[in-house]
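Taking it in order: structure first as structure tokens, then the write-up.
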Amino acid sequence: MTDIYSAIQVSDHVYWVGAIDWSIRDFHGYTTPHGSTYNAYLILADKITLIDTVKKPFMEEMLARIASVIDPAKIDYIVSNHSEQDHCGCLSQVVGRVQPSKVFASAAGVKNLGEILHNDYAIQAVRDGETLSLGNMELTFMETRMIHWPDSMFTFLAADGLLFSQDAFGMHLATFERFADELPADMLEYEAATYYANIVLPYSPVVLKALEKVGATGWAIRTIAPDHGPVWREDLGFILDRYKKWAEQKPANKAVVVYATMWHSTEMMAKAIAEALAQAGVRVKILSLNEVHRSEVIFELLEAGALIVGSSTLNNNMLPQMADVMTYIRGLKPANLAGAVFGSFGWSGESVKDLEAALKGMKVDVVAETVSVRHVPGPEALEKCHELGRTVASELAKRLSPK
Ligand code: FEO
């Protein structure tokens, strides 16, 4: 193991010592077709410090990368910025191997780590704004509760202008390139947006406050080192500006038409609605849940203004793939969306009422009259679908026009 893996220097005193997971394809419901990395960082200060660890099966890879720089037994401190198990799952085993003199986490982190690891070693709580001397340099901690766990915090190493940002500003992307500037901008944009939509979106109001809080510190940040994906060392505005834009969730001139269909009637309705939207100048994305994963739906909603949902009725319910997506979207709390509902049925037609209730439950404004069709839509029903599309387009135009 030792000969395979190497650390990568990311700043004057910091090495990346994480692990690359080329195989993972699911993060609790979020599909990750391009794998991920679990980033841990080694600070070569007087007090040698490890920032975060990795998912349990990757511990040996991390220790081997550390061993390419120093004997892991020389680590004095370990800091846990966030207690989700992809970053702390092997913490107890690492503590057993390394025997650090101290382990640090936020107060909420100490509690969560206790409930997750049932540790028999002490973890010392650090406060928001507290500094920790590493001898010749120091760390400063900033609580970032609910980005995206209650115990999350950032850690700043002023000596290198380096912000350890745990999950924030990360992406699920397995690469050997360790720096964002070594990767194409469109890849970074897509992967960061997908990550934001599937992980960070519900905490957008907290993100805006955290961006302000970091700005108010006056920290001279030159590098951002997240817990997944590449390290940002050039053009930090690329990711900071996108986080601000995604967190604000301003409506965009885009409608996402999501449907689940049995015999293509609901699909015909989706296409009629989309045609009318497009003719009215709205950018449209049609997503068939017979083929598309829930992660793609929330990604498309990240910069949208309308969500239009349709389902056939099956056994007095919406189709199960639609129920899945509605549950997923509700949890991720997209904001400022106009909505509408459509669907075909054979004899009972409950899906549209359930979809209306689901949209209202997620605070999507239903702005058009629902279109419900028995069996296959004819010309009259398709005209109603066109009308639904035009109504949503008109509502979007109102929302986008300057007040
Ligand atoms: Fe990457 Fe919230 O763990």
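When a ligand or atom number is given, it counts from 1 through the structure's own listing order. What you are looking at is a predicted structure, and each value in this text was computed from that prediction instead of being measured.
- Panel detail: atom 2 (Fe) of ligand 1 has protein N, O or S atoms under 2.8 Å away, 4 in number.
- Partners of Lys56 by side chain to side chain donor-acceptor pair (under 3.5 Å), not counting sequence neighbours: none found.
- Applying the side-chain contact (heavy atoms from CB on, under 4.5 Å) test to Ala125 and every residue at least two apart in sequence or in another chain returns Ala107, Val110.
- For the salt bridge (charged side-chain N to carboxylate O under 4.0 Å, His left out) criterion with Glu303, the lone passing option out of Lys254, Arg242, Lys245, Lys250 is Lys245.
- Note: Phe27 and His172 have parallel aromatic rings, judged against thresholds of 30 and 60 degrees for the angle between ring planes.
- Partners of Asp71 under the side-chain contact (heavy atoms from CB on, under 4.5 Å) rule, at least two apart in sequence or in another chain, are Ala73, Lys74.
- Using a 30° and 60° split on the angle between ring planes, Tyr38 and His228 fall in the perpendicular class, above 60°.
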